[in-house]
Amino acid sequence: MGCLKSYNFHDIFFLQIYRDIKTPFDTYLDAVFAYYETDQPIEPDLIVSLQTHHPDLTNCFWVDGKYAIRENFIHYENRYKSARWSLSIEGLESAQTTVRIQANLLARPVLAGETLISLIRYKLAQKGYALLHASGVSIDDKGLFFAARGGVGKTITAISSVRRGARLYGDDTVILGKDGKMYGFAVPFNLRFTYDIKKLLGVQFSWKTRVELALKKLISIMSFGHYRLFTILRADKVFPKAMGRSTTLTTGFIFLRGPKFEIEDEPNRSLFLHQLMHIVRFESSELIGMLLAYRHIFPHSSVVNFWDQFYQILESATEGIRTSRVTIPKLYKPEYFENLWQKISQCEPSITTSTT
Amino acid sequence: MRTVYYNLHNLIKIRISGLSRFALKDLNCKWHHFEVPSQVNSDIVVEIAPFEPNLEGATVIDQNYFCFPNKIYFTDSDKGLEWQTEISGIEEGPVQIRFWASPKNRMKLPWAFFPEMVLHLYVLQPLIEKILLSRGALLLHAGGVTKDGRATLFIGRGQTYKTTLTLRMLKQGFELLGDDFVLIKDKKVLSFPTSPRFLEFTRTQLKDERLNAWDNCRLASYLIRQKAHQLPIANSAELSQAFLLISQDTDSCRNILEKNRESFYDRILTNQLLESTSYVSYRYRIGQFLEAYDLAFPKAGKKPLEAELMNLIKASFQDAAIETLTIPSSFNKNIMPFIQSKVEALA
């Protein structure tokens with residue numbers, strides 16, 4: 001029994017995911033891009049197929065005994081704890097790429113996290129869009145993004161903004177276009193470490209979700225915080241009226257975790273971009289390794305300049321926007337958001353530094 | 001507790017203190033070829049001991065990397081082994097490192113009994129690569145041999161039989177420069193042998209590089225004896241020829257005709273960069289702490305590492321005879337004669 005789903009990301013990117021079997025481990029995979037699911041026939045840029053397969057690797061080049069490479073093709077295996085999966089990417093440099101993934105049960109929830117996002121990042125960049133590791137909102141059709149590594153406060157900032165009337169484009173990833181536009185890429189909220197979700201989101205949940213959250217909180221307390229089960233909360237279900245599709249980018253923020261709360265403008269755009277690149281590259285170890293291996297065998301291929309192209313997309317996407325850097329201490333206090341909100345609401349760029 | 005001093009061809013001086021009494025030279029201090037009795041003014045001073053860091057005022061990346069101006073503290077882990085490191089002087093000045101790998105994790109992997117191994121691979125190697133680069137020297141991932149003062153390099157990723165070829169060349173009267181690393185400075189190849197006793201064991205006691213459980217026991221007893229090695233190690237040689245090896249699923253070697261030297265240089269570059277992603281677990285890259293520091297304190301007008309590396313590669317290999325070869329993914333008897341004929345033809 002196969003299961004085929006098509007996704008349309010704002011008519012700029014089309015994804016198709018096929019699974020030969022449905023397993024109970026696929027809940028996350030089902031939910032991750034559900035907001036962009038479509039019934040219309042599409043011409044997919046990326047076809048992901050989870051199935052048993054035996055790739056033909058004769059005459060392949062091998063890098064490190066890990067990557068098997070042919071013209072326009074790459075195959076590799078990966079593992080994370082007990083999760084194991086192997087990928088065969090066909091049409092790496094073509095307009096349409098087909099990825100066959102064979103994953104054990106434990107790998108299925110892990111897959112969407114980095115592997116799929118990496119592949120989508122690669123395909124989007126081919127089409128001139130950058131998938132940024134940031135949360136994005138818009139206020140009066142002015143787009144803002146908050147780029148950061150995990151655990152600094154991307155999600156909380158985005159949710160707090162939405163509760164003040166902003167539109168949401170994504171709490172973990174957004175798409176930036178060369179034309180200076182920001183497109184939504186909303187995946188389920190990344191709230192693993194926060195169990196008081198109700199207070200944060202300010203919405204009423206159904207009794208089912210409430211019981212689920214209470215149980216998970218109990219497990220977390222009983223195991224002294226050792227086991228933290230994360231909850232799949234689809235952004236479009238929590239804030240159905242606040243979902244945004246595309247907007248004009250006006251401001252970019254980089255969040256860093258530091259000793260005291262501080263907002264400073266960053267007039268040097270190349271420094272800002274340099275930091276953005278680091279944030280994205282930290283997230284893409286798998287993609288970096290794969291592209292390097294392919295480049296090692298085919299030094300004339302189109303993937304050689306991938307990261308340069310990515311930089312150029314970011315450069316033209318952030319052309320003329322206001323750029324700021326925010327330092328946030330470990331505990332995200334509501335007054336930090338107040339300060340940030342003031343800064344966001346100001347129309348003229350200013351160089352004042354506010355400290356609490 | 002023991003202290004060792006390394007002097008890497010007068011390019012970098014290192015002092016490591018706090019080594020355990022049971023430390024085996026080849027496993028724990030794999031650069032012991034460069035050991036000197038004592039020296040002053042070490043560029044890198046390492047102290048292996050438990051320590052409590054002061055993390056106040058840090059810029060934190062990923063809950064792991066705590067960055068301060070010119071200093072970084074990080075706890076890192078790979079495959080279940082955790083270690084903590086503090087590096088002061090990461091940007092300028094003498095480098096001081098405090099390092100400790102918690103013994104509570106040592107049951108997880110046998111080699112975790114040797115925290116110094118972790119220190120060399122995950123901390124010192126990326127660090128000296130960066131420092132050497134700033135001093136115009138290239139730590140190249142390649143096997144190298146020399147005869148009559150002319151060096152032959154075998155550059156390639158894992159499983160391209162670098163070590164095997166290097167060892168077979170020694171039998172032909174060549175001298176060793178390094179089986180995994182060599183240093184290149186001003187078009188001169190400087191030797192960089194890592195774990196020479198280990199290599200000697202492989203050369204004299206084994207048919208190929210693969211170790212089974214019995215071989216591992218023999219290796220342990222071989223290393224515990226701690227005798228001096230008998231390998232012919234040269235100090236330096238002129239870079240005269242370099243082979244880039246690519247593993248392919250075929251039976252015989254063949255040439256890849258390059259359109260220009262640029263693609264050869266590009267392959268060397270990717271060969272260097274891939275070292276950080278291979279052999280380590282998913283999501284981890286060796287030397288990530290340097291990137292974390294760069295993210296916390298970006299420097300205006302700094303050249304990207306890739307460009308700097310490329311310039312040095314181009315300058316180093318400018319005058320060398322070069323060739324790109326594919327090598328079968330399983331070693332067979334046709335390979336060695338082919339390589340030898342190539343070495344002679346290029347000389």
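Lettering of chains follows the sequences in order, A, B, ..., and the numbering in each one begins at 1.
- In this structure, the portions of B:Leu274 lying under 4.5 Å from any heavy atom of chain A include both its backbone and its side chain.
- Heavy atoms of other residues, nucleotides or ligands lying less than 6.0 angstrom from CG of A:Asp308 number more than 12.
- In this structure, SG on B:Cys67 lies 9.0 Å from CG on A:Leu256, to the nearest 0.5 angstrom.
- Contacts between B:Ile61 and chain A at a heavy-atom distance below 4.5 Å involve the side chain alone, from C-beta outward.
- Of the listed residues (B:Pro304, B:Ala292, B:Ser329), the greatest number of heavy-atom pairs within a distance under 4.5 Å of chain A belongs to B:Ala292.
- With a 4.5 angstrom heavy-atom cutoff, B:Leu269 touches chain A only via side-chain atoms.
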> Should A:His274 and B:Asp294 be marked as a side-chain hydrogen bond (donor to acceptor under 3.5 Å, both in side chains) after you check the CA-CA gap, both sets of side-chain angles, and the distance that decides it?
Replying inline: CA-CA 9 Å; A:His274 186 76; B:Asp294 208 23; 3.0 Å; yes

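- Between B:Glu306 and A:Arg281 there is no salt bridge, since no side-chain nitrogen of the basic residue lies less than 4.0 Å from a carboxylate oxygen of the acidic one.
- Using a 4.5 Å cut-off between heavy atoms, B:Ala296 contacts chain A through its backbone alone, with no side-chain atom that close.
- No side-chain heavy atom of A:Pro299 sits less than 4.5 Å from a side-chain heavy atom of B:Glu262.
- For a residue to count as touching a neighbouring chain, one of its non-hydrogen atoms must lie under 4.5 Å from one of that chain's; by this rule A:Phe282 touches chain B with backbone and side chain alike.
- Atoms CZ and OG1, on A:Phe61 and B:Thr250 in that order, are 8.0 Å from each other to the nearest 0.5 Å.
- In this structure, the side chains of B:Gln63 and A:Arg149 stay at 4.5 Å or more apart for every pair of heavy atoms.
- Atom-to-atom distance recorded for B:Gln272:CD and A:Leu292:CG is 11.5 Å, nearest 0.5 angstrom.
- Taking CD1 of A:Ile297 as the start and OG of B:Ser247 as the end, the distance is 8.0 Å to the nearest 0.5 Å.
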> Is there a salt bridge (Lys or Arg N to Asp or Glu O under 4.0 Å) between A:Glu283 and B:Arg285 once you walk through the steps?
Replying inline: CA-CA 11 Å; A:Glu283 207 61 24; B:Arg285 273 176 288 143; over 6 Å; no

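- A 4.5 Å side-chain heavy-atom check between B:Thr59 and A:Thr327 finds every atom pair outside the cut-off.
- For a residue to count as touching a neighbouring chain, one of its non-hydrogen atoms must lie under 4.5 Å from one of that chain's; by this rule B:Leu244 touches chain A with the side chain only.
- No donor-acceptor distance shorter than 3.5 angstrom exists from the side chain of B:Gln248 to the backbone of A:Trp62, with no hydrogens or angles considered.
- Chosen from A:Gly65, A:Ser270, A:Ala68, A:Ala148, the residue pairing most often with chain B at heavy-atom distances under 4.5 Å is A:Gly65.
- Per-residue counts of heavy-atom pairs under 4.5 Å with chain B were compared for A:Ile254, A:Leu271, A:Val63, A:Asn268; the largest is that of A:Leu271.
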> For A:Arg295 and B:Asp266, what are the C-alpha separation, side-chain angles and deciding distance, and is it a side chain to side chain contact (heavy atoms under 4.5 Å, CB included)?
Replying inline: CA-CA 8 Å; A:Arg295 179 177 166 189; B:Asp266 198 75; 2.9 Å; yes

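- The distance from atom CZ of B:Phe297 to atom CD of A:Gln275, rounded to the nearest 0.5 Å, is 10.5 Å.
- Taken from OG in B:Ser276 to CD1 in A:Ile288, the straight-line distance is 8.0 Å, to the nearest 0.5 Å.
- In this structure, B:Asp249 contributes its side chain and A:Cys60 its backbone to no donor-acceptor pair below 3.5 Å.
- If you measure heavy-atom distances from B:Thr326 to chain A, the contacts under 4.5 Å come from the side chain alone.
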> Can you check side-chain hydrogen bond (donor to acceptor under 3.5 Å, both in side chains) on B:Asn271 and A:His296, steps first, answer last?
Replying inline: CA-CA 7 Å; B:Asn271 183 54; A:His296 186 61; 4.5 Å; no

